Amino acid sequence: MADSDLINRAAGGDAAAFQALVERHRSMVYRVAYQFAGNHFDAEDIAQEVFIKVFRSLDKFRQDAQLSSWMYRIVMNACIDHRRRTSPSGAAPFGEEAEHKMMNTVEDTPGPEERAYAGELGQLLEVEIGRLPPGQRVVFIMRHHQGLKLGEIAEALGLAEGTVKRQLHAAVHRLRHALNGANVTAGERA
Amino acid sequence: MSCDLQAAGTIELYFYGELPQADRAAVQAHLARCAECRAALEDLSVIRAALANRPDVATPPGGDWSGFMRRLTAAVAAEQSLRGPSNATPARPLRRQLAPYLAVAATLAVVSFALITERNPRPAPGATSVVTAPPTAGAAGAQPLRDASLTATDPDPGLLAVSGEHFERSKLVVLGLVTKSGSQDDWAYERDLASSLLGDTRLYRQAAEERGMQPLADVMGDLELVLLQTSMTDEPNEASLHQLQRLIRRRDLLTKMNAY
């Protein structure tokens, strides 16, 4: 059954249709949530919020819209909301006007010297991804992990493509800086 | 970063295959003579390779979705029950599926009413119903929380009452976590207790949100996070315990719970 049919049925009160919708998309949602949060506790929290928001919005889904874009937008907003709730200072809102702040507010978590093993590049990068400002982290995850094009990310998040491009560039810049700061040079990696 | 092409993010677009073919050829020519851009491109390859080797986590621990689905079903049921009669009546299958949760909600309402009746004898006609019991010792700093939400016009004193009871039960877990020092002796007890309290906590948090009782919803949300982490930790190590204790301290959770 197509997603749009499931949404129609779920919006009409069909619990089985809603459950089928959840089962179809829960892996994608959980994967992104885990990549954003870096642990199961927060990933579950985010994923639960996503599906509750989906449930609340069933009757608002436009049939001509892409379900994947709609779902991604809910996931990413849930990630940002979760960070805002759990961060003592709160994360910046996700929008054009907050771009500058998002790009320059580093998460207050332990740095690579505290958490990463020397030579464990993947782990080092995961730690650094977790320290990225939320906007950059979201864009990097969607581009690098999910393989979405910049245009798709921009559509899903309701941002200008140029904004997405700048967020991605800033994220990559920080990750490269972290690699170099950890004295991991190109020669050593080969 | 001295190369304009690199500063403009063009190397990332090249790396991710987002440049038109004509631009790709130009970037390739540029790469042949620009060491900075070659280094950037190599860094991107390293990042991709390193992240590709990391585990792909797309399920809860052990691939077991049952707990997740159970909690989601309960949350959706609570959402549905809180929507009230103004919304469209759900179709029969949903109502049938939600029946157990609606029964729980109804039971809670009865219990709430009983507690309120027991704690606060029916006032004389025309009298206000402000609860005047003093806050628990040590909660002086958080008293405005109570004052702000518990007034004669408060829409749901029943929720406040059952929340207070719930916080009392939950303190067993929170206090246990705060005073723990790395021993895993009775962790199973705390974990199981946390698991048993989690569903109600989420239900109360959502109910508070729905009723616009944000201070209560915030405390429930903090408690929910602590209980969730506790219930999902099989064998705590020093780091995870420290993380939980830090979370409780940063949110000032015990003081806030004492205020109810």
Side-chain angles (χ1 to χ4, degrees), chain A residues 9-10 12-19 22-23 26-32 34-35 39-45 47-49 51-52 55-56 59 85-86 88 120-126 129 143-145 147 149-151 165-166 168-173 175-176 179-180 184 186 189-190, chain B residues 1 7-13 15-18 39-40 42-44 46-61 65 67-69 71-73 75-77 79-80 88-98 202 206 218 221-222 224-225 228-229 232-233 247 250-251:
Chain A
R9 289 179 180 227
D14 185 340
F18 182 68
Q19 181 164 342
V22 172
E23 288 175 354
R26 65 190 182 187
S27 292
M28 179 280 281
V29 170
Y30 200 94
R31 178 182 286 116
V32 176
Y34 189 91
Q35 283 162 353
N39 65 76
H40 282 291
F41 316 124
D42 291 333
E44 159 142 359
D45 215 24
Q48 291 270 342
E49 286 298 324
F51 286 113
I52 290 168
F55 179 77
R56 284 178 188 153
D59 54 353
R85 278 202 311 274
T86 56
E120 293 276 355
L121 273 185
Q123 189 163 358
L124 169 70
L125 285 168
E126 282 188 350
I129 290 168
R143 174 59 266 200
H144 200 96
H145 290 273
K149 299 285 186 192
L150 295 187
K165 182 183 164 188
R166 285 193 292 278
L168 178 66
H169 180 61
V172 169
H173 180 69
L175 295 181
R176 289 187 61 211
L179 287 181
N180 294 325
V184 185
R189 291 175 219 141
Chain B
M1 196 186 296
T10 308
I11 298 303
E12 282 102 58
L13 298 184
F15 176 77
Y16 287 117
E18 297 238 17
E42 186 172 358
D43 281 346
L44 280 164
V46 170
I47 289 170
R48 172 180 280 171
L51 290 177
N53 289 328
R54 300 301 296 165
D56 178 30
V57 181
T59 68
W65 285 100
F68 178 92
M69 295 303 286
R71 285 186 283 276
L72 179 62
T73 304
V76 167
E79 179 82 17
Q80 187 76 18
T89 305
R92 185 176 176 79
L94 183 60
R95 275 189 293 159
R96 192 163 53 230
Q97 184 146 333
L98 299 185
R202 181 162 287 168
Q206 289 167 340
D218 289 344
D222 291 345
E224 187 181 340
L225 193 62
L228 182 66
Q229 295 207 15
M232 294 182 71
T233 303
L247 180 64
R250 281 167 63 183
R251 306 295 173 88

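These numbers come from a predicted model, not from an experiment. When reading the values below, keep in mind they use all heavy atoms of this one structure, side chains included, and skip hydrogens, waters and symmetry mates. The sequence lines fix the lettering, A, B, ..., with proteins before strands; numbering per chain opens at 1.
- Judged purely by atom type and a 3.5 angstrom limit, His169(A) has no side-chain atom pairing as donor or acceptor with the backbone of Ala8(B).
- Counting heavy atoms from C-beta outward, Leu175(A) and Asp43(B) have side chains that stay 4.5 Å or more apart.
- Arg202(B) touches chain A through its side chain: at least one heavy atom from C-beta onward sits under 4.5 Å away, while N, CA, C and O do not.
- Neither the backbone nor the side chain of Ile11(B) comes within contact range of chain A; no heavy atom of the residue lies under 4.5 Å from a heavy atom of that chain.
- Put simply, the side chain of Val46(B) does not reach to within 4.5 Å of the side chain of Leu125(A), judged on heavy atoms.
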Under the criterion salt bridge (charged side-chain N to carboxylate O under 4.0 Å, His left out), I'd like the reasoning laid out for Asp45(A) against Arg71(B): C-alpha separation, chi angles, the key distance, then a yes or no.
CA-CA 10 Å; Asp45(A) 215 24; Arg71(B) 285 186 283 276; over 6 Å; no

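- The side-chain heavy atoms of Leu225(B) and Asp42(A), taken from C-beta on, include a pair separated by under 4.5 Å.
- The candidate with the highest count of non-hydrogen atom pairs below 4.5 Å against chain B, out of Glu44(A), Lys149(A), Glu23(A), Arg26(A), is Arg26(A).
- Between His144(A) and Tyr16(B), the ring planes are perpendicular. Angles over 60° get that label, and only those under 30° would be called parallel.
- With a 4.5 Å cut-off on non-hydrogen atoms, Ala40(B) touches chain A through its backbone and its side chain both.
- Under a 3.5 Å cut-off, the side chain of Glu12(B) and the backbone N or O of Val172(A) do not form any donor-acceptor pair.
- Annotation: maximal heavy-atom pairing with chain B below 4.5 Å, among Asn39(A), Leu150(A), Ile52(A), occurs at Leu150(A).
- Interface residue Ala47(A): backbone and side-chain heavy atoms are both found under 4.5 Å from chain B.
- For Asp222(B), no part lies near chain A; criterion is any non-hydrogen pair under 4.5 Å.
- Contacts between Lys165(A) and chain B at a heavy-atom distance below 4.5 Å involve the side chain alone, from C-beta outward.
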